[in-house]
Amino acid sequence: MPELPEVETIVQNLSSKIRGAEVSSFRLFFPGLIRNKKKKILEKLRGRKIINIRRRGKLILIDFDNDLTLLVHLKMTGQFVFYPSHESVDKHTHFILSFKGQKQEVRFRDVRKFGFIQCLLTSEALKLINLGPEPLEISFSSFQNLFKGRQACLKSLILNQNFIAGIGNIYANEILFEAKLHPINSVSLLKEEELKRLWKAMRLVLKRALKHRGSSIRDFKDAEGRVGSFQNFHQVYGKESLPCPHCGARIERLRIGGRSSFFCPQCQREKSKILIEP
DNA sequence: ATTCGGACCTGAAAGC
DNA sequence: TGCTTTCAGGTCCGAA
């Protein structure tokens with residue numbers, strides 16, 4: 001479900017509600033959710049205060065005042081939502097954190113159970129995962145450097161979290177449309193001017209999506225239970241056979257690296273590796 | 001060294 | 001009304 005804009009939206013919700021809150025109790029319904037071998041480590045969170053909630057790529061990090069951090073990945077259908085404590089718990093709720101003096105508790109729900117939570121030392125939390133730079137923080141020249149010596153196909157590369165962190169399938173499609181670049185192009189063929197378009201498109205699309213509090217296609221809800229609205233502004237994602245909003249050509253769908261890729265064959269031209277001289 | 005399919009899960013929607 | 005197939009905001013792993 002969640003890519004950078006959705007995860008950031010949830011992190012903002014959580015920050016405003018539970019930064020500084022003290023954990024009174026937790027409940028774990030699906031032990032497989034916790035990646036640590038010893039689930040008992042969670043006991044160390046009881047009575048501790050949350051000092052910070054951060055995002056890195058698509059990961060949520062909840063830092064506690066005893067140098068422990070909960071690393072959370074929502075994967076496809078994970079949700080963090082506040083519920084009144086008295087409300088009944090449904091079968092997709094796998095973990096609940098309750099706070100001292102608060103009538104609301106935060107519940108982790110995940111229909112497909114792909115998501116995970118891991119409890120780590122704060123200083124170690126990001127060391128396990130090799131994440132690329134943040135797309136909204138990287139300068140153009142650093143961005144350009146990332147591509148040196150690479151020759152993968154463009155769409156696969158920007159979906160690769162080691163390359164750049166936080167972009168998933170929806171935003172990869174939308175960014176490439178905005179940049180007018182064909183998803184299957186090899187990055188080795190891109191000129192500086194095209195990389196600049198890509199960098200600008202990446203920033204523009206992600207910032208717009210943040211402003212609209214993410215895209216809700218089927219499962220995404222923020223921590224207040226609200227849906228995002230950026231799905232209303234998608235140009236190509238999920239729009240196979242519909243007219244391109246720019247030129248009217250029919251949007252096509254292609255499978256790249258096992259993921260659906262939507263693009264306008266007119267606006268996003270494929271580059272041929274073979275130069276045909278007349 | 002990359003790329004591919006399958007695996008991990010469940011449920012909604014489409015196809016027959 | 002079924003029953004079956006396909007698809008889904010992600011990532012990991014092992015085999016070609």
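Note that the coordinates shown come from a computational prediction; the quantities given were computed from them, not determined experimentally. The basis for the numbers below is simple: all heavy atoms, side chains too, and nothing from hydrogens, waters or symmetry mates. Order of the sequence lines fixes the chain letters, A, B, ..., with proteins taken first and strands second; residue numbering starts at 1 for each chain.
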Determine the Euclidean distance between corresponding [atom1] atoms of [M] and [N]; express it in Å to zero decimal places.
{"N": "C:dT11", "M": "B:dG11", "atom1": "P", "answer": "22 Å"}
{"N": "B:dG6", "M": "C:dT5", "atom1": "P", "answer": "15 Å"}
{"N": "B:dG5", "M": "C:dC7", "atom1": "P", "answer": "13 Å"}
{"N": "C:dT6", "M": "B:dA7", "atom1": "P", "answer": "15 Å"}

Can you tell me how far [atom2] of [N] sits from [atom1] of [X], to the nearest Å?
{"X": "A:Asn160", "N": "B:dA1", "atom1": "CG", "atom2": "P", "answer": "15 Å"}
{"X": "A:Lys155", "N": "C:dG10", "atom1": "NZ", "atom2": "P", "answer": "9 Å"}
{"X": "A:His92", "N": "C:dA8", "atom1": "NE2", "atom2": "P", "answer": "20 Å"}
{"X": "A:Glu6", "N": "C:dA8", "atom1": "CD", "atom2": "P", "answer": "16 Å"}
{"X": "A:Ile129", "N": "C:dG10", "atom1": "CD1", "atom2": "C1'", "answer": "13 Å"}
{"X": "A:Phe163", "N": "B:dT2", "atom1": "CZ", "atom2": "C1'", "answer": "15 Å"}
{"X": "A:Leu154", "N": "B:dT2", "atom1": "CG", "atom2": "C1'", "answer": "17 Å"}
{"X": "A:Gln79", "N": "C:dG10", "atom1": "CD", "atom2": "C1'", "answer": "15 Å"}

Describe the nucleic acid contact of [X] in one word from base, sugar-phosphate, nothing, applying a heavy-atom distance below 4.0 Å.
{"X": "A:Arg253", "result": "sugar-phosphate"}
{"X": "A:Glu3", "result": "sugar-phosphate"}
{"X": "A:Asp110", "result": "nothing"}
{"X": "A:Tyr237", "result": "sugar-phosphate"}

Check every atom of [options] against the side chain of [X] and return the nucleotide holding the closest atom.
{"X": "A:His73", "options": "C:dA8, B:dT10, C:dT11", "result": "C:dT11"}
{"X": "A:Lys91", "options": "B:dT10, B:dG11, C:dG10", "result": "B:dG11"}
{"X": "A:Lys58", "options": "C:dA8, B:dT3, C:dG10", "result": "C:dG10"}
{"X": "A:Val111", "options": "B:dG11, C:dA8, C:dG10", "result": "B:dG11"}

Output yes when A:Glu224 and A:Lys17 qualify as a salt bridge under the 4.0 Å nitrogen-oxygen rule, no when they do not.
->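 Counted as a salt bridge, because a side-chain N and a carboxylate O are separated by less than 4.0 Å.
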Is A:Asp222 salt-bridged to A:Arg213, cutoff N-O under 4.0 Å?
->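 Salt bridge: yes.
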Looking only at side-chain N and O atoms, does [X] come under 4.0 Å of OP1 or OP2 in [N]?
{"X": "A:Ser260", "N": "C:dA8", "result": "yes"}
{"X": "A:Gln161", "N": "C:dG10", "result": "no"}
{"X": "A:Lys113", "N": "B:dT10", "result": "yes"}
{"X": "A:Arg255", "N": "C:dA8", "result": "yes"}
{"X": "A:Arg259", "N": "C:dG10", "result": "yes"}

List in chain and number order the residues that pass side chain to side chain donor-acceptor pair (under 3.5 Å) with A:Ser142, two or more places apart in sequence or in another chain; answer none if no residue qualifies.
-> A:Ser139
For DNA chain B, the expected dot-bracket line (Watson-Crick or G-U under 3.5 Å, [ ] crossing, | inter-strand) is .|||||||.|||||||
Verify the stacking flag for A:Phe114 against C:dT11: centroid separation must be under 5.5 angstrom and the ring planes must differ by under 30 degrees.
->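 A stacking contact does not exist, since A:Phe114 is not both close and nearly parallel to the base ring of C:dT11.
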Is any N or O donor-acceptor pair between the side chain of A:Arg218 and the base of B:dA12 shorter than 3.5 Å?
-> no
Check the pair A:Val106 / A:Val81 against side-chain contact (heavy atoms from CB on, under 4.5 Å), numbers first and verdict last.
-> CA-CA 6 Å; A:Val106 67; A:Val81 186; over 6 Å; no
Are A:Leu28 and A:Leu74 in one and the same hydrophobic cluster, where Ile, Leu, Val, Met, Phe, Trp and Tyr link if side-chain heavy atoms are under 4.5 Å apart?
-> yes
Tell me whether the guanidinium CZ or amine NZ of A:Arg107 lies under 6.0 angstrom from the six-membered ring centre of A:Tyr83 and within 45° of its axis.
->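 Pair A:Arg107/A:Tyr83 counts as cation-pi.
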Is A:His212 atom NE2 crowded by more than 12 heavy atoms from other residues, nucleotides or ligands, each under 6.0 Å away?
->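 Atom NE2 in A:His212 is crowded, with more than 12 foreign heavy atoms closer than 6.0 Å.
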Take atom NZ in A:Lys39; do more than 12 heavy atoms of anything else shown fall under 6.0 Å from it?
-> yes
Could you tell me whether a side-chain N or O of A:Lys180 sits under 3.5 Å from a main-chain N or O of A:Phe177, the two making a donor and an acceptor?
-> no
